[in-house]
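In what follows, a structure is listed as structure tokens, so that the remarks can point back to it.
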Amino acid sequence: MCTIVPISLTVGANRIVPTIAIPHPLGNPALDPVEEKALRRRLVEKALEALSTEVDGQEVFEAF
Amino acid sequence: MSKKKVVHYINQFFAGIGGEEKADHKPEVREGVVGPGIGLNAALGDNAEIIATVICGDTYFNEHLEEAEAAVLEMVEKYNPDLFIAGPAFNAGRYGVAAGAVTKAVSEKLGIPAVTAMYVENPGADMYKSDVYIVKTGNSAATMGQAIPALTSLALKLLKGEEIGTPDEDNYMERGIRVNYFAEERGSKRAVDMLIKKLKGEEFVTEYPMPAFDRVFPNPAVKDITKAKIGLVTSGGIVPKGNPDKIESSSASKYGRYDISGFDVLTSETHETAHGGYDPVYANADPNRVLPVDVLRDLEKEGKIGSLHNIYYATVGNGTAVASAKKYAEAFAKELVADGVDAVITTST
């Protein structure tokens, strides 16, 4: 899970979930706490979906 | 000046003993030159002479690494040479590994200058290029004619104790060593000059090559995520409050291993970030923004995952060398496997 997807592609990650921002990849301080946690959950569920998906090579799994 | 003494190492094939069927040939030593040593010896000219040749089968060496290396060292030491040369191994994989290993051993354990030569894609090259001088050759013995002058040129410099130039100047593989020097132009001027060359489509040479990243095959998908034990790893520097392992804010020299048993959520009271490469305000206020413990605990309770592993691993990715990151991951990946973790989510900042 990373914000700068080109770096993850360069270093060779195979299952990549793009995140929100460098200092808060799995959150957004502009949202209220309930919305923010829902956002985080959506990202983590996408990561779990990526882990459950067969891939041939590098694949980016967009949560949004 | 009397001729300096050189001992040469070759495999069973170049010694004329045989191919694959003789690859289990045990180490032996012969006086004088054998095989490619004839050409090397001629190129060394009046400066040096190959006084003995050590021969070992490639399979034997690779299957008996320690014994073979010890036997070769003993043979080399007996002749007390001024220089040791192995190969060239071209693209022969086991030969390259053997040549790299003996070159390293002779140089480090006997303190004798040593050099080898092989093709850049020989597996021995990656294994030993940071330890020893490996002269670049073509991929087959058909390029022996170019390999010998390149190899002897570097060998003679080592023999005479002359300063070794850059990898480009002396045709060896980069060893990852930085050398300070005074440049004629300042950095900003050099950078702009390089940019202009790039824009014009002219050739230029970078002063800071990017590391070559390796690739790994993707692991198979997790069959049933609702039964899986999920681990967490981060380069975002999330550590227990107070940073007990004192992980550095940049160029981290270590990683931490932290227990989150009993934690349903990370808070500003319990955790913080050690990372010095991003604004820490948001992660310090709510560390789940980097390490999503709260959500994974919810998913664990709801049965959406089997469990959240109670140990997480963290380092600071800020300016940390790729080689260090790789070393940390190799160490803790073994623990994750031993702990029965089925899949890992890594978060980065």
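Quantities reported herein were computed from a predicted structural model and do not represent experimental measurements. In what follows, every chain begins at residue 1, and chains take the letters A, B, ... in the order their sequences are listed.
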- prompt: Out of His24(A), Glu36(A), Arg41(A), which one racks up the most heavy-atom pairs below 4.5 Å with chain B?
  reply: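 Most pairs with chain B among the choices: Arg41(A).
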task: Select, from Gly12(A), Gly27(A), Cys2(A), Pro29(A), the one with the greatest count of heavy-atom pairs under 4.5 Å involving chain B.
output: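 The option with the most such pairs is Pro29(A).
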Taking every non-hydrogen pair under 4.5 Å, which of [options] racks up the most with chain A?
options                         : value
Thr347(B), Thr234(B), Leu291(B) : Thr347(B)
Leu299(B), Asp224(B), Asp279(B) : Leu299(B)
Pro220(B), Ala343(B), Ala283(B) : Pro220(B)
Lys304(B), His275(B), Glu302(B) : Glu302(B)

message: Quick check on side-chain hydrogen bond (donor to acceptor under 3.5 Å, both in side chains): which of Asp298(B), Asp286(B), Asn288(B) does Lys37(A) satisfy it with?
response: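 Going through Asp298(B), Asp286(B), Asn288(B) one by one, the side-chain hydrogen bond (donor to acceptor under 3.5 Å, both in side chains) with Lys37(A) is satisfied by Asp298(B) alone.
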Which portion of [X] sits near chain B, non-hydrogen atoms under 4.5 angstrom:
X        : result
Glu59(A) : neither
Gln58(A) : side chain
Ser52(A) : both

What's the shortest heavy-atom distance between [X] and [Y], and which atoms?
X         : Y         : result
Arg40(A)  : Asp294(B) : NH2-OD2, 2.6 Å
Tyr278(B) : Pro23(A)  : CD1-CA, 3.5 Å
Arg215(B) : Val11(A)  : NH1-C, 3.7 Å

message: I'd like to check Leu48(A) versus Ile230(B) (side-chain heavy atoms, cut-off strictly below 4.5 Å). Are they in contact?
response: yes
query: With side chains defined as the heavy atoms from C-beta onward, is the minimum distance between Asp56(A) and Pro218(B) less than 4.5 Å?
result: no
query: About how many Å separate CD of Glu49(A) and CD1 of Ile225(B), when rounded to the nearest 0.5 Å?
result: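 The distance works out to 10.5 Å.
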query: In Å and rounded to the nearest 0.5 Å, what is the CZ to OG1 distance from Arg289(B) to Thr19(A)?
result: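 Nearest 0.5 Å value for the CZ-OG1 distance: 13.5 Å.
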Looking at [X], I'd like to know if its [atom1] atom is crowded, meaning that more than 12 non-hydrogen atoms belonging to other residues, nucleotides or ligands lie closer than 6.0 Å.
X         : atom1 : answer
Lys301(B) : NZ    : yes
Glu121(B) : CD    : no
Phe64(A)  : CZ    : yes
Glu335(B) : CD    : yes
Lys197(B) : NZ    : no
Lys198(B) : NZ    : no

side-chain contact (heavy atoms from CB on, under 4.5 Å) between Glu45(A) and Val295(B), intermediate numbers included: CA-CA 9 Å; Glu45(A) 284 179 334; Val295(B) 162; over 6 Å; no
- request: Please report the C-alpha distance between Ile345(B) and Leu51(A) in whole Å, then the side-chain angles of each, then the deciding distance to 0.1 Å, and finally whether the side-chain contact (heavy atoms from CB on, under 4.5 Å) criterion is met.
  value: CA-CA 9 Å; Ile345(B) 294 175; Leu51(A) 287 168; 4.1 Å; yes
message: Quick check on Asp342(B) against chain A: is it the side chain, the backbone, both or neither that has a heavy atom closer than 4.5 Å?
response: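 Contact with chain A: none, neither part.
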task: With a 4.5 angstrom heavy-atom cut-off, could you sort out which part of Val344(B) is near chain A: side chain, backbone, both or neither?
output: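 Backbone of Val344(B) only, per the 4.5 Å heavy-atom cut-off to chain A.
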query: Is it true that a side-chain atom of Asn14(A) and a backbone atom of Val216(B) form a donor plus acceptor pair closer than 3.5 Å?
result: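 Flag set: sc Asn14(A) to bb Val216(B) pair under 3.5 Å.
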